Protein chains: 2
Amino acid sequence: MKNMLRQHLVDRLGDNTDKIDEVISHFKILRKKRNEMLLNQGEICKNVYFVARGCLQVFVYDAESNETTRDIVVENNWCSELISFGNQTPSNENIRTVEISELYYIDRQGFQKMMENVPQFRNVYQQILEYSYANSVYRINTFVALSSLERIKWLMDNRPGLMSRLSGKLIASYLGISQETFSRLKGKL
Amino acid sequence: MKNMLRQHLVDRLGDNTDKIDEVISHFKILRKKRNEMLLNQGEICKNVYFVARGCLQVFVYDAESNETTRDIVVENNWCSELISFGNQTPSNENIRTVEISELYYIDRQGFQKMMENVPQFRNVYQQILEYSYANSVYRINTFVALSSLERIKWLMDNRPGLMSRLSGKLIASYLGISQETFSRLKGKL
DNA sequence: ATATTGCCTTGACATTTGTCACGATTTCAG
DNA sequence: CTGAAATCGTGACAAATGTCAAGGCAATAT
């Protein structure tokens, strides 16, 4: 399955076998079951993860310790708490698996070495950042502008497959509504 | 007032007069009154703006053409629609002044030249991106996790001065609530 | 200076959403 | 395979928020 990562990098760094091998050599594999924590808030985020298989949830707790989900990351995507990772400050967010997952991760030391030694890797980081940012902007505009029902439609259009793949509870926490409201509104489509 | 920009760059690029002068030479000044558009959705975003004085609003229209504000940018900060600017794709967002403003802007050609010629300028871009991203993440978590009243408190804590400086209408559209609810909840503090 | 425009607040009411409760079904672990 | 736990849909009611309307005040332009 490390081919997933290789292909992902080839698509972005170009087909330069030496460089690709050097980059890949810094990644280690991690296999996880469902509901295993990768990061707890307050900890410093040590790794950047590439999801080869499975699904991760990035979330925070509100005052009543309900979970609210900022991001859902599926295979062939990157996941980290970049702010904590970049500044080595405590994370405000939690990350955990919601499915059996196969991950490849790079730690900060390896990451920095790559940033210095492989100019194209800087571009990969910049792309991760730009992609994450674009995602966030979409999500904010979705939240501020749309009603609950419209958000559900938005999810179906923009992240097809997610609704049938994940629990209603998780989807609802991603949309910022209660499970019950989600269940009811779904029926109206 | 170009000193604002110079100081901002010195703080980030280091005190290298030659480089700073080269970078600054690519910026032009722009003075705007209140309520002037800098970018309309559908257009390609041509510039990155540095706000030396005044205040900008980044917003979208919902289905009923109400404005919903994704970001409010005050002096000593950068503003652009980075996704449109970076990919030269049509913008989903609008930008306009909400106060008399003094801006310095760099166009895409100048920006790219700086990215190639001045390595530290890449770092500035990366910092803008990281900062914008961190901002967005905060905002999403605020939105998903907090009630309207809590969002108002969040705004007072995290962006002090904004509430007294701007109209309730604008603040409400930034918080994703109606003017009336904003007015009522404010009273309960 | 004055007219105009926009802004803020408040009331009344409609709508949306949340909360609690319950039973039916599905999923999961031992 | 089987019991325990989680999930899902639904009803009843409470709470939060939006919408419409109106009046007073402040800012702005001519």
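In what follows, every chain begins at residue 1, and chains take the letters A, B, ... in the order their sequences are listed. Keep in mind that what you see is a predicted model, and the values were worked out from it rather than measured.
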Thr181(A) side chain, from C-beta outward: closest of dG18(C), dT7(D), dG18(D): dG18(C)
Nucleotide dT16(C), atom P - distance to NZ of Lys188(A) in whole Å: 7 Å
Distance in angstrom units between Leu185(B) CG and dT10(C) C1', rounded: 14 Å
Nucleotide dG6(C), atom C1' - distance to CD of Gln179(B) in whole Å: 10 Å
Phosphate OP1/OP2 of dG9(D) contacted by Lys186(A) side-chain N/O (<4.0 Å): yes
Backbone of Asn40(B) reached by a side-chain donor or acceptor of Glu43(B) within 3.5 Å: yes
Spacing between Leu146(A) atom CG and dT17(C) atom P, to the nearest angstrom: 12 Å
Nearest-Å distance for atom pair CD/P, residues Glu180(B) and dA14(C): 17 Å
Euclidean distance, atom CD of residue Glu64(A) to atom P of dA16(D) [Å, nearest integer]: 12 Å
Touch class at under 4.0 angstrom, heavy-atom based, for Lys33(B) against every strand present: nothing
Side-chain-base donor-acceptor pair under 3.5 Å for Arg184(A) and dT19(C): yes
Side-chain donor/acceptor of Ser65(A) to backbone N/O of Tyr61(A), under 3.5 Å: no
Sub-6.0 Å ring centroid separation between Phe111(A) and Tyr125(A): yes
Asp62(B) (side chain) donor-acceptor with Glu64(B) (main chain) under 3.5 angstrom: yes
Short side-chain N/O contact to dG18(D) OP1/OP2 from Ser178(B), under 4.0 Å: yes
Ser101(B) side-chain N/O to Cys55(B) backbone N/O, donor-acceptor pair under 3.5 Å: yes
Between dT28(D) (P) and Asn35(B) (CG): distance, integer Å: 11 Å
Sugar-phosphate only, base, or nothing, as touched by Ser167(B) at under 4.0 Å among non-hydrogen atoms: sugar-phosphate
Gap between atoms CD1 and P, on Ile152(B) and dA16(D) respectively (whole Å): 13 Å
